[in-house]
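Report on the following structure.
Start at 1 with the first residue, then count along the sequence.
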Amino acid sequence: DKVFKPGSMNLDVFKEIHPLVTSILDGYNVCIFAYGQTGSGKTFTMDGTDEHPGLNRRALNELFDVCAERKADWSYEIEVSVVEIYNEQLRDLLSDKPKKLDIKHGKAGPHVPGLTKQPVRNADEVRARFDQAKSIRATSP
């Protein structure tokens, strides 16, 4: 848990969460969550631009780099889901059909039954899923 000052750069934020990428590959559930009012910079921090990549881009590149480094000893299957919480409702941003979703708490931790999962092999495939999700996510007028 950390709150960053308004002048913090995306690289500063990534340095703080960098160890979580390895934790993912070690079998831990990881959630990186941006919270704030509309227009406060959550999308920029998470996604960024080509010139200033955000957490998602940096973490995904690191994730697939580590997978490549470990490929002699390990095989990974990576899936992506994109869920949005908007007006207290969960929305599956990779589904063709809207459906009611709820967060459940089980032995393995919190999960969202029925959430779309799509297999991915590299950061570009993940970016394509994120672009698909961005096209339907809720934004302020």
Side-chain angles (χ1 to χ4, degrees), residues 1-72 74-141:
D1 293 333
K2 182 157 182 154
V3 176
F4 292 89
K5 295 180 180 182
S8 298
M9 304 297 291
N10 283 348
L11 181 57
D12 299 328
V13 180
F14 178 70
K15 286 178 182 176
E16 183 71 25
I17 64 95
H18 180 264
L20 297 176
V21 175
T22 305
S23 295
I24 293 166
L25 294 174
D26 291 338
Y28 291 95
N29 291 325
V30 173
C31 177
I32 302 169
F33 189 85
Y35 179 81
Q37 67 188 42
T38 299
S40 63
K42 297 178 299 294
T43 300
F44 181 75
T45 299
M46 296 304 288
D47 194 30
T49 63
D50 290 339
E51 300 79 33
H52 302 284
L55 296 184
N56 288 338
R57 294 178 192 219
R58 293 173 190 270
L60 289 167
N61 288 334
E62 179 72 12
L63 177 79
F64 286 103
D65 286 349
V66 173
C67 285
E69 290 170 9
R70 294 180 177 184
K71 72 179 178 184
W74 293 92
S75 173
Y76 296 100
E77 293 179 11
I78 299 174
E79 297 175 318
V80 66
S81 297
V82 184
V83 65
E84 173 182 56
I85 304 171
Y86 187 76
N87 287 336
E88 300 184 28
Q89 299 292 314
L90 296 179
R91 293 180 59 206
D92 184 342
L93 298 183
L94 296 180
S95 176
D96 295 334
K97 300 174 186 161
K99 53 189 163 190
K100 175 134 174 63
L101 297 171
D102 291 304
I103 300 172
K104 302 291 183 185
H105 299 276
K107 291 180 182 179
H111 63 283
V112 180
L115 184 62
T116 301
K117 296 178 184 179
Q118 295 182 355
V120 290
R121 296 173 302 210
N122 55 54
D124 289 336
E125 288 184 2
V126 177
R127 295 281 324 139
R129 300 310 184 283
F130 282 176
D131 289 343
Q132 173 188 347
K134 269 198 294 190
S135 71
I136 63 169
R137 79 178 187 92
T139 56
S140 64

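- Every pair passing salt bridge (charged side-chain N to carboxylate O under 4.0 Å, His left out) that includes a residue from residues 18-33 is listed here, sequence neighbours excluded: D26-R70.
- Residues forming a salt bridge (Lys or Arg N to Asp or Glu O under 4.0 Å) with E69 (at least two apart in sequence, or on another chain): none.
- Scored by the side chain to side chain contact (heavy atoms under 4.5 Å, CB included) test, F44 finds N10, T49, H52 as partners (sequence neighbours excluded).
- Between L11 and R58, the closest side-chain pair of non-hydrogen atoms falls below 4.5 Å.
- Residues H105 and I103 meet the side-chain proximity criterion, which asks for heavy atoms closer than 4.5 Å.
- When all heavy atoms are compared, the tightest approach of Q37 to K42 is O-NZ, 2.9 Å.
- Here the side chain of N87 pairs no donor or acceptor atom with the backbone of Q89 at under 3.5 angstrom.
- Using bins of under 30°, 30° to 60° and over 60° for the plane-to-plane angle, the ring pair Y76/W74 lands in the parallel bin.
- N29 is linked by a side chain to side chain donor-acceptor pair (under 3.5 Å) to nothing, counting only residues two or more places apart in sequence or in another chain.
- The shortest non-hydrogen separation linking L94 to S81 is CD1-CA, 4.0 Å.
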Pair up each side-chain donor or acceptor in residues 111-121 with any protein partner under 3.5 Å, not counting sequence neighbours, and list the distances.
residue : atom : partner : partner atom : Å
H111    : ND1  : G109    : O            : 3.4
T116    : OG1  : D92     : OD2          : 2.7
Q118    : OE1  : R129    : NE           : 2.5
R121    : NE   : E125    : OE2          : 3.0
R121    : NH2  : E125    : OE2          : 2.5

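- The shortest side-chain heavy-atom distance between R91 and L101 does not fall under the 4.5 Å cut-off.
- A distance of 6.0 Å separates CD1 of I24 from CD1 of I32, quoted to the nearest 0.5 Å.
- Using a 4.0 Å cut-off between charged nitrogen and carboxylate oxygen, D131 and K134 count as a salt-bridge pair.
- Sorted by first then second residue, the salt bridge (charged side-chain N to carboxylate O under 4.0 Å, His left out) pairs that include residues 12-25, not counting sequence neighbours, are K2-E16.
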